[in-house]
Amino acid sequence: MDLVIMFVLALLTVVSGSPTVTIRPEAQPNATQQMLKKAVIFGQQQTVAVGTEAPGDVMATGELNPSHYPAQRAAKVVQHYLNTRYGSPYRVFGLHKVHSGHAEDVAESGRKYLLKISVQEFLRETVKNCTAEVFFPKGEKQASPEVRASCDELLQIDSKAQDEALYQRYKMNQSLVSAEYLPDSHGNMDPDMKPFWHLGIVAASFVMLSESNEKTLYNTAQVAQVTQLETENDQLKFNYDILLHDMVSQEIMHWKVLFTWSPSEGVKVLQKEQLPRCHCGRLPNKN
Ligand SMILES: *[C@@H]1O[C@H](CO)[C@@H](O)[C@H](O)[C@H]1NC(C)=O
Ligand SMILES: *[C@@H]1O[C@H](CO)[C@@H](O)[C@H](O)[C@H]1NC(C)=O
Ligand SMILES: *[C@@H]1O[C@H](CO)[C@@H](O)[C@H](O)[C@H]1NC(C)=O
């Protein structure tokens, strides 16, 4: 393994969306706080009215309280879906607010949520309304949720020119991009790396979409490593290490995602693999 991340996350406690962190001191004390700050930027700024409700409470049926977890969890899946379909280095979507939600059982096959939400495009801070349907299939083997969304106004946000410029710049470049910790432990990053951070969030959405169920609420915590590979068939190719945070279990998950991107084809995931959590407390191996 050429890369070991040692976020030894002991406990993350979230109270009304304000995370506090306990972490082993040798493991980048401030990075976790920073990445949680970023997780907040990317989609937890909506107020989840926790009350007595535990984040993992499930199976609310009928009209849902839009600010409670069941509606929020389903709405989060729409965010991931939109990023997988329409995300790019210059177009990244996040859940802004849930306006209304309704849940029902669908015979024996699963559960369906009907949602009215608003979604934000982060680079432009534009907020638009969407209606969406999220279906969580039931079954022994967990299947990915199915999403349908109607967000016409959001999709008018055009990032073609910027995406194309980035593509041209890195398509034939002699030196391949490589970066670590986007953002770094102080929340900073080289402006040149920002599009690669966004691309990581889009790639992470593929993982989060397929891993989501009614009991999860995933955010991208941090892009731990970016490695650009040789361009193939006009597609930029990357290997990313990404840390995801599930607000419900408070777990940080570490995924490796191999994907390609071009303005015309978008992001295509070739391989994704969950890496074991590391309890070793070592410093990152910089080979
Ligand atoms: C971590 O952040 C706190 C404040 O948030 C600061 O006081 C402390 O010096 C930082 N530690 C390191 C190692 O940067
Ligand atoms: C989005 O929908 C909400 C609730 O239906 C409404 O109050 C709000 O004005 C709408 N916003 C936009 C930008 O259309
Ligand atoms: C090539 O990539 C490096 C970073 O990997 C970047 O700094 C440089 O500007 C790129 N070259 C050109 C011609 O854009």
Side-chain angles (χ1 to χ4, degrees), residues 14 16-18 37-53 55 57-106 110-136 145-163 194-195 197-198 201-202 204-205 208-209 212-220 247-248 266:
V14 177
S16 302
S18 336
K37 228 183 265 169
K38 294 298 165 185
V40 170
I41 289 168
F42 275 93
Q44 273 162 221
Q45 72 276 65
Q46 77 272 20
T47 44
V48 177
V50 177
T52 55
E53 176 205 32
D57 281 356
V58 281
M59 302 307 165
T61 295
E63 234 18 65
L64 303 174
N65 183 329
S67 57
H68 283 197
Y69 277 109
Q72 295 286 330
R73 287 186 303 246
K76 200 72 186 173
V77 174
V78 181
Q79 168 188 324
H80 302 319
Y81 168 81
L82 292 173
N83 279 326
T84 62
R85 293 290 300 268
Y86 310 110
S88 86
Y90 288 96
R91 194 163 76 163
V92 183
F93 301 113
L95 177 60
H96 181 69
K97 192 172 175 197
V98 180
H99 296 290
S100 70
H102 179 95
E104 64 191 41
D105 290 311
V106 182
R111 282 166 52 81
K112 184 165 81 176
Y113 288 73
L114 300 172
L115 301 159
K116 284 199 178 132
I117 62 176
S118 48
V119 173
Q120 180 170 10
E121 198 288 308
F122 280 108
L123 285 74
R124 296 159 192 83
E125 301 192 353
T126 310
V127 175
K128 301 288 184 191
N129 279 347
C130 300
T131 56
E133 194 181 301
V134 180
F135 176 70
F136 293 99
E146 293 158 23
V147 182
R148 277 192 290 184
S150 163
C151 305
D152 298 342
E153 285 183 53
L154 199 65
L155 302 181
Q156 285 162 16
I157 296 167
D158 184 4
S159 60
K160 262 191 214 123
Q162 290 160 299
D163 287 337
K194 271 198 178 161
W197 178 43
H198 299 147
I201 290 163
V202 173
S205 282
M208 295 188 281
L209 178 62
S212 287
N213 59 47
E214 278 182 284
K215 301 179 191 173
T216 57
L217 187 68
Y218 286 117
N219 282 292
T220 308
M247 267 188 79
V248 177

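Counting convention: from 1, in listed order, for ligands and their atoms alike. Throughout, numbering of the chain's residues begins at 1 and tracks the sequence.
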Let me confirm one number: the OG-CZ distance from Ser205 to Phe93, rounded to the nearest 0.5 Å.
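Atom-to-atom, Ser205:OG and Phe93:CZ are 10.5 Å apart.
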Which heavy atom in Val77 sits nearest to a heavy atom in Ser212, and how many Å separate them?
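Reported closest heavy-atom pair: CG2-CB, 3.7 Å.
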Kindly tell me which protein residues have any non-hydrogen atom under 4.0 angstrom away from an atom of ligand 2, grouped by chain and ordered by number?
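Shell around ligand 2 (4.0 Å, heavy atoms): His99, Asn129.
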With sequence neighbours left out, write down each residue that passes salt bridge (charged side-chain N to carboxylate O under 4.0 Å, His left out) with Glu133, or none if nothing qualifies.
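Glu133 satisfies salt bridge (charged side-chain N to carboxylate O under 4.0 Å, His left out) with Arg148 once adjacent residues are dropped.
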Those residues that, when tested against Glu153, pass salt bridge (charged side-chain N to carboxylate O under 4.0 Å, His left out) (two or more places apart)
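Salt bridge (charged side-chain N to carboxylate O under 4.0 Å, His left out) check on Glu153 returns Lys128.
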Distance-only side-chain donor-acceptor flag, Ser159 / Arg124, under 3.5 Å
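Per modelled atom types, Ser159 and Arg124 side chains form no pair under 3.5 Å.
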Residue list, ring-ring contact (aromatic ring centres under 6.0 Å, His included) with Phe136, at least two apart or on another chain:
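Testing Phe136 for ring-ring contact (aromatic ring centres under 6.0 Å, His included), a comparison that skips the adjacent residues, returns Tyr113.
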